[in-house]
> 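This is the structure I have questions about; it appears just below.
As the structure is a prediction and not an experimental result, all values here were calculated from the model.
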Amino acid sequence: MSSDSKAGISYPFPDVPEKGRWQEVAKGVYWLQMALPMALDHINLYVLEDDAGWWIIDTGINLGDTRERWELLLAGPMVGKPVVGVICTHMHPDHIGQAGWLCERLRVPLYMSFREYFAARTFTSMENGRVSWTTEEYYSRAGVDKAYQQEMASRFKGFGSVVEPLPNAYRRLEEGQVLRIGGRDWLIMTGAGHSPEHVSLYCAEDKLMMSGDQIIPRITSNVSVMPSEPEANPLADWFSALRRFRRDLAGDTLVMPAHNAPFYGVHARLDYLIAHHEGHLEAIEKACVEPKIALDLFSIMFAREVGMDQLSLALGEAVAHLHYLCAEGRMQRELGSDGVYRYRSIDPQNCPYHGVYEPDSGPMEV
């Protein structure tokens, strides 16, 4: 077992599953990995064993050798039992990318929360290269110039390019619902902020959690204001979910995240995630004594320069923190004559946030 004593986290499984194989992490709970074509080069998926057959948790992106890896598993360790259901924790392509193919090929239902399913349908139907006036306004008010916007639009491919067409029907998962799988009761716990209604599965009796992107041990999930909801306050939702999970999860729960590796130390990790964002709030409030635009905050929030391929994520994170401060009465926002929002702290000398200030290496695509 490896550990990170400073972070209060330990990793009971030193090796990661090889291509076409899985690793049993609890009785009837299997961990597998698929490749991702980005800096974060993998996603963890899970399979639950039941007397009736297999339940798949998340599916991988529709790129690379993901489908080949599924074929190896279906013809290998999963042979002899049918797949009975596919559960997707949320709408992002690395989680839903192969859901349509799996559900169609195996003729099994897709399980998702209401908001995640319909958000996925919306985002996968967007036209490549087409940018609405509302999106243009979002970027302009953040200070992104027109030439940069046009370059971004030319590169935009949308979710549909990496997600198989989703099933036309789904089965809804809701907060507090219980799924009986493999002799265990799995409680559905939802959280917003990273996505609209992210689903995690928690077995209190055996202290097991499949956390998706809600709790990840080494990286922080992206919490962004998106052009599709430009006045949102996702950081408030994120704090609410983290605090609720901190209250309701047993401290010695084995957490099975969508990235990095299964770990112990959920309370320490949740405490850090809260403190991490509070540290950013404190740094932003102090930086905005003189009015700033959202782009000015990149050097405060991120340790390295933000390139065009990550500008949307970085900007979304910056605006999310600014919106939270505005909603809390800590920040004022004014629209300048140039059409750009500027933010100014109201009382930075009495900042209530005293978190852990560590700039992220960059905005993560999870």
Side-chain angles (χ1 to χ4, degrees), residues 28-32 34 43-62 66-67 70 73-74 78 81-125 159-160 162-206 208-215 237 241 244-245 248 256-258:
V29 180
Y30 300 90
W31 167 34
L32 51 137
M34 301 291 179
I43 179 172
N44 299 322
L45 313 177
Y46 300 91
V47 174
L48 300 179
E49 186 173 12
D50 186 77
D51 289 342
W54 307 108
W55 287 77
I56 291 171
I57 315 297
D58 286 331
T59 68
I61 200 167
N62 185 29
T66 304
R67 191 170 298 183
W70 273 121
L73 289 159
L74 291 166
M78 298 177 75
K81 278 189 176 184
V83 173
V84 294
V86 173
I87 297 172
C88 286
T89 58
H90 63 295
M91 58 169 278
H92 292 155
D94 50 334
H95 298 261
I96 64 166
Q98 294 289 352
W101 172 73
L102 284 166
C103 290
E104 181 68 21
R105 181 186 185 281
L106 303 171
R107 297 182 69 85
V108 297
L110 171 65
Y111 291 75
M112 293 181 75
S113 67
F114 176 85
R115 292 178 180 176
E116 296 292 341
Y117 175 75
F118 283 100
R121 293 293 297 267
T122 297
F123 278 90
T124 54
S125 65
F159 279 13
V162 289
V163 174
E164 277 290 308
L166 289 169
N168 290 325
Y170 82 111
R171 300 189 183 181
R172 187 186 300 189
L173 297 176
E174 298 179 295
E175 172 72 27
Q177 183 178 350
V178 175
L179 298 179
R180 183 73 177 175
I181 302 173
R184 293 187 177 98
D185 287 335
W186 292 95
L187 176 69
I188 301 300
M189 299 178 67
T190 61
H194 175 61
S195 63
E197 193 183 2
H198 183 291
V199 164
S200 299
L201 288 82
Y202 178 48
C203 175
E205 182 177 1
D206 290 345
L208 302 171
M209 162 160 270
M210 279 171 286
S211 65
D213 285 351
Q214 188 71 47
I215 312 171
D237 295 330
R244 179 162 44 85
F245 278 57
D248 293 343
M256 292 164 276

> Checking M256 against W31 for the side-chain contact (heavy atoms from CB on, under 4.5 Å) test, could you report, in this order, the C-alpha distance in whole Å, the side-chain angles of both residues, the deciding distance, and whether it holds?
CA-CA 8 Å; M256 292 164 276; W31 167 34; over 6 Å; no
> Please check: side-chain N/O of H90 versus main-chain N/O of H95, any donor-acceptor pairing under 3.5 Å?
no
> Please answer whether the main-chain N or O of L45 pairs with a side-chain N or O of D58 as donor and acceptor at a distance below 3.5 Å.
no
> How about F245 and I215: do any of their side-chain heavy atoms sit closer than 4.5 Å?
yes
> For the backbone of F118 and the side chain of T122, can you confirm whether one donor and one acceptor N or O come within less than 3.5 Å of each other?
yes
> To the nearest 0.5 Å, what is the distance between SG (C88) and CE (M112)?
5.5 Å
> Looking at S113, is its backbone amide N or carbonyl O close enough to the side chain of Y170 to form a donor-acceptor pair, meaning the two atoms are under 3.5 Å apart?
no
> Mind checking side-chain hydrogen bond (donor to acceptor under 3.5 Å, both in side chains) for R121 and listing every partner two or more places apart, or none if nothing turns up?
Y117
> Report the distance from atom CD of E116 to atom CD1 of I96, rounding to the nearest 0.5 Å.
9.0 Å
> Side chains of residues 172-180: which donor-acceptor partners sit under 3.5 Å, not counting sequence neighbours?
{"unit_1": "E175", "atom_1": "OE1", "unit_2": "T190", "atom_2": "N", "d": "2.7"}
{"unit_1": "E175", "atom_1": "OE1", "unit_2": "T190", "atom_2": "OG1", "d": "3.0"}
{"unit_1": "Q177", "atom_1": "OE1", "unit_2": "E174", "atom_2": "N", "d": "2.8"}
{"unit_1": "R180", "atom_1": "NH1", "unit_2": "G183", "atom_2": "O", "d": "3.3"}
{"unit_1": "R180", "atom_1": "NH1", "unit_2": "D185", "atom_2": "OD1", "d": "3.0"}
{"unit_1": "R180", "atom_1": "NH2", "unit_2": "G183", "atom_2": "O", "d": "3.1"}

> Considering residues at least two apart in sequence or located in another chain, which fulfil the ring pair (Phe, Tyr, Trp, His ring centres under 6.0 Å) criterion with W55?
Y111
> Any salt bridge linking E164 with R67? Criterion: basic side-chain nitrogen under 4.0 Å from a carboxylate oxygen.
yes
